[in-house]
Amino acid sequence: GTDVGLAAALYYLVHSTLIAGGLFLLADLVARQRGDLGTDLISAPALRQPLLLGSLFFMGAISVAGLPPFSGFLGKVMLLRAIDVGPDAVALWAVVLVGGLGMLIALSRAGSLVFWRPASEAVGQAADPVRVIATLGLLLGSVVLVAIAAPLQAFVQATAAQLLDVAPYLQIIQGGAQ
C-alpha cells in the first residue's frame, strides 16, 4: 500500500507484459514447427530451428522466472525491498521465491521436452523472420528495462506517488457536490 510498493508493482507490470507477450509469440513459432502437435507438451518432431527458438525460450524463461541479469530479477528485488520486516514480509518472500522456483522448474521441464527430446526428424516450416523479430523485440524488452532501470524507476515512483495522492480527487468530488 506504499508508493514504493506500488512503484515496484508498476515496474513488474511492464516487465511481465513484455515477457508474456514474447513468450506467447514464441509459442506460436514453436507450434508452427511442431506440425499437428502444435503446443501440446508431448514428444514431437524436431524443430527446424532449435538453436534460434531454444535461445529465445531460454531468454524468456529466465526472465519470467526472475533470474539475473533480466528485468524480472530487478522487479522482484524492488517488490521484496518494498515491504517492512514482519509476517507480511515472510509471506511475500515465500510467494515470490517459491513462485520463481516453481516457474523455473516448470519451464525447464517444458523446454527439455520441446527442445532436447525430439521424436523424429523436423516436419514444420522455418520461422517467418518478421515473427522472429517481433518475438525477439518483446523479449529484449527485459534487457532494455534493466538498461534504463534508474530513469524508469524514477518514473514509476513518481507515478505511484501521484496515484496515491487523493487530495486532487477529493477536491473535484467536493467541488462537484456544491
Side-chain angles (χ1 to χ4, degrees), residues 1-34 38-41 47-83 92-93 95-116 124-164:
T2 65
D3 60 339
V4 176
L6 185 56
L10 289 171
Y11 181 90
Y12 202 79
L13 175 71
V14 173
H15 151 78
S16 62
T17 301
L18 291 173
I19 299 307
L23 287 174
F24 275 114
L25 291 179
L26 180 60
D28 178 62
L29 290 173
V30 169
R32 290 172 181 270
Q33 291 193 13
R34 293 186 83 206
T39 57
D40 294 345
L41 282 178
L47 301 174
R48 288 227 179 263
Q49 298 164 305
L51 184 59
L52 171 67
L53 298 181
S55 299
L56 291 172
F57 179 79
F58 180 73
M59 183 168 50
I62 62 174
S63 183
V64 79
L67 298 176
F70 294 103
S71 60
F73 179 72
L74 275 179
K76 285 184 178 184
V77 168
M78 289 172 65
L79 284 171
L80 294 174
R81 292 183 67 196
I83 193 159
L92 180 67
W93 278 73
V95 167
V96 168
L97 297 178
V98 171
L101 178 62
M103 181 67 69
L104 189 60
I105 291 169
L107 290 170
S108 296
R109 290 181 55 111
S112 70
L113 182 67
V114 171
F115 298 103
W116 291 320
Q125 59 189 1
D128 175 21
V130 173
R131 287 184 171 97
V132 172
I133 290 169
T135 304
L136 182 62
L138 286 175
L139 294 176
L140 283 177
S142 184
V143 176
V144 171
L145 288 177
V146 171
I148 63 166
L152 183 58
Q153 187 175 11
F155 176 76
V156 295
Q157 187 68 39
T159 303
Q162 186 176 16
L163 286 171
L164 293 174

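Residues forming a side-chain contact (heavy atoms from CB on, under 4.5 Å) with L6 (at least two apart in sequence, or on another chain): L10, A160, L163, L164. Listed by chain and number, the residues in a side-chain contact (heavy atoms from CB on, under 4.5 Å) with S108 are L104 (sequence neighbours excluded). Judged as a side chain to side chain donor-acceptor pair (under 3.5 Å), and not counting sequence neighbours, the contacts of Q157 are D3. Not a single side chain to side chain donor-acceptor pair (under 3.5 Å) links R109 to another residue, sequence neighbours left out.
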Item checked: side-chain contact (heavy atoms from CB on, under 4.5 Å) between L138 and I19, worked out -> CA-CA 6 Å; L138 286 175; I19 299 307; over 6 Å; no
Margin query: Determine whether L13 and T17 satisfy the following criterion, side-chain contact (heavy atoms from CB on, under 4.5 Å), listing intermediate values before the conclusion.
Written below: CA-CA 6 Å; L13 175 71; T17 301; 4.2 Å; yes
Notebook entry, point to check: Would V64 and M103 count as a side-chain contact (heavy atoms from CB on, under 4.5 Å) if you check the C-alpha gap in whole Å, the side-chain angles of each, and the deciding distance to 0.1 Å?
Noted result: CA-CA 8 Å; V64 79; M103 181 67 69; 4.0 Å; yes
Could you give the side-chain donor-acceptor pairs of residues 49-59 under 3.5 Å, partners two or more places apart or in another chain?
from, atom 1, to, atom 2, distance (Å)
Q49, OE1, Q33, NE2, 2.7
Q49, OE1, A127, N, 2.7
S55, OG, L51, O, 2.7

Less than 3.5 Å apart, which donor and acceptor atoms pair up between the side chains of residues 67-80 and the rest of the protein, not counting sequence neighbours?
from, atom 1, to, atom 2, distance (Å)
S71, OG, H15, ND1, 2.7
S71, OG, S142, OG, 2.9
K76, NZ, A65, O, 2.8

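Shown here for L145 and Y11, the closest heavy-atom pair between the two residues is O-OH, 3.2 Å.
Residue L23 holds its CG atom at 12.5 Å from CG of D28, rounded to the nearest 0.5 Å.
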